[in-house]
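This report refers to the structure that appears directly beneath it.
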Amino acid sequence: MRQDLPQPTAGEMQPLIERHLQKEGPLLPILHSLQEAFGHIPQAAVSLIADALNITRAEVHGVVSFYHDFRDVPAGRHVVKICRAEACQSMGGAALADAALERLGVAWHGTTADGAITIEPVYCLGLCACGPAAMVDGELVGRVDAERLDTILKEAGA
Ligand code: FES
């Protein structure tokens, strides 16, 4: 968890919220703007959004937690996603994932202490024929074996 990073101020977040208030269904555009600007949805933004949209903080929080791409803490410098869906599991994906978590010393959604890598599960990357599949900073990687995993993690700074 990277709770130690400086958090944006209300003054920095408010314009990003207000920009979308006239839209129909402003909540998702607001959340996307905040995440794009700050790399996550800051905790303090939840109240600001709730007040601006006249909804409860629980409703805002529910949407943030429903969409897996919204983060409540910033990601590491590199994001490695490993496919946990069936086709990749049948090709050794589970062992690969266990090896990655053990090597990084974090759980799913965790970030290494030096902030280099965040690791996340993903459920099918559309690369089922080339499993186990992974995604590194948005780039698909197929046929990830122990050696390729090693290269990926080393290049990402592990
Ligand atoms: S099951 Fe892993 S990419 Fe489809």
Side-chain angles (χ1 to χ4, degrees), residues 1-5 7-8 13 16-17 19-20 23-43 45-46 49 53 55 57-158:
M1 300 287 256
R2 306 187 67 205
Q3 309 275 19
D4 52 323
L5 295 176
Q7 293 292 305
M13 294 187 279
L16 299 176
I17 295 170
R19 178 187 302 169
H20 300 287
K23 290 185 176 156
E24 199 171 318
L27 180 52
L28 286 177
I30 288 171
L31 293 172
H32 281 293
S33 283
L34 290 167
Q35 175 135 318
E36 194 180 312
F38 307 116
H40 71 299
I41 310 297
Q43 187 59 40
V46 173
I49 297 169
L53 299 182
I55 58 179
R57 285 182 292 168
E59 285 172 287
V60 178
H61 187 71
V63 172
V64 172
S65 49
F66 179 79
Y67 291 98
H68 293 271
D69 280 341
F70 292 131
R71 304 174 186 285
D72 53 11
V73 292
R77 292 186 293 283
H78 300 282
V79 177
V80 175
K81 299 184 181 196
I82 295 181
C83 181
R84 307 279 290 149
E86 198 175 327
C88 286
Q89 294 295 288
S90 72
M91 297 297 290
L96 191 76
D98 289 347
L101 294 175
E102 190 178 331
R103 168 145 171 202
L104 297 177
V106 297
W108 289 118
H109 304 286
T111 299
T112 53
D114 61 0
I117 302 176
T118 295
I119 188 154
E120 297 184 333
V122 64
Y123 295 90
C124 195
L125 291 162
L127 207 62
C128 318
C130 300
M135 181 179 266
V136 182
D137 296 333
E139 297 284 323
L140 287 170
V141 187
R143 298 195 172 89
V144 183
D145 55 13
E147 193 178 331
R148 194 167 276 185
L149 175 69
D150 186 58
T151 304
I152 288 170
L153 297 180
K154 268 190 191 150
E155 283 178 359

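Counting starts at 1 for both ligands and their atoms, following the listed order.
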Where the side chain of H109 meets the backbone of A107, is there a donor-acceptor pair that is under 3.5 Å apart? no

So does [X] have more than 12 non-hydrogen atoms from other groups sitting under 6.0 Å from [atom1]?
| X | atom1 | answer |
| --- | --- | --- |
| M13 | CE | yes |
| Y123 | OH | yes |
| E59 | CD | yes |

Say you draw a straight line from CD1 of I49 to CG of L31; how long is it, rounded to the nearest 0.5 Å? 4.5 Å

Sequence neighbours left out, what pairs pass salt bridge (Lys or Arg N to Asp or Glu O under 4.0 Å) with at least one residue falling in residues 117-132? R71-E120, K81-E120

Check which protein N, O or S atoms are less than 2.8 Å from atom 2 (Fe) of ligand 1 and report how many there are.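 Counting protein N, O and S atoms closer than 2.8 Å to atom 2 (Fe) of ligand 1 gives 2.
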
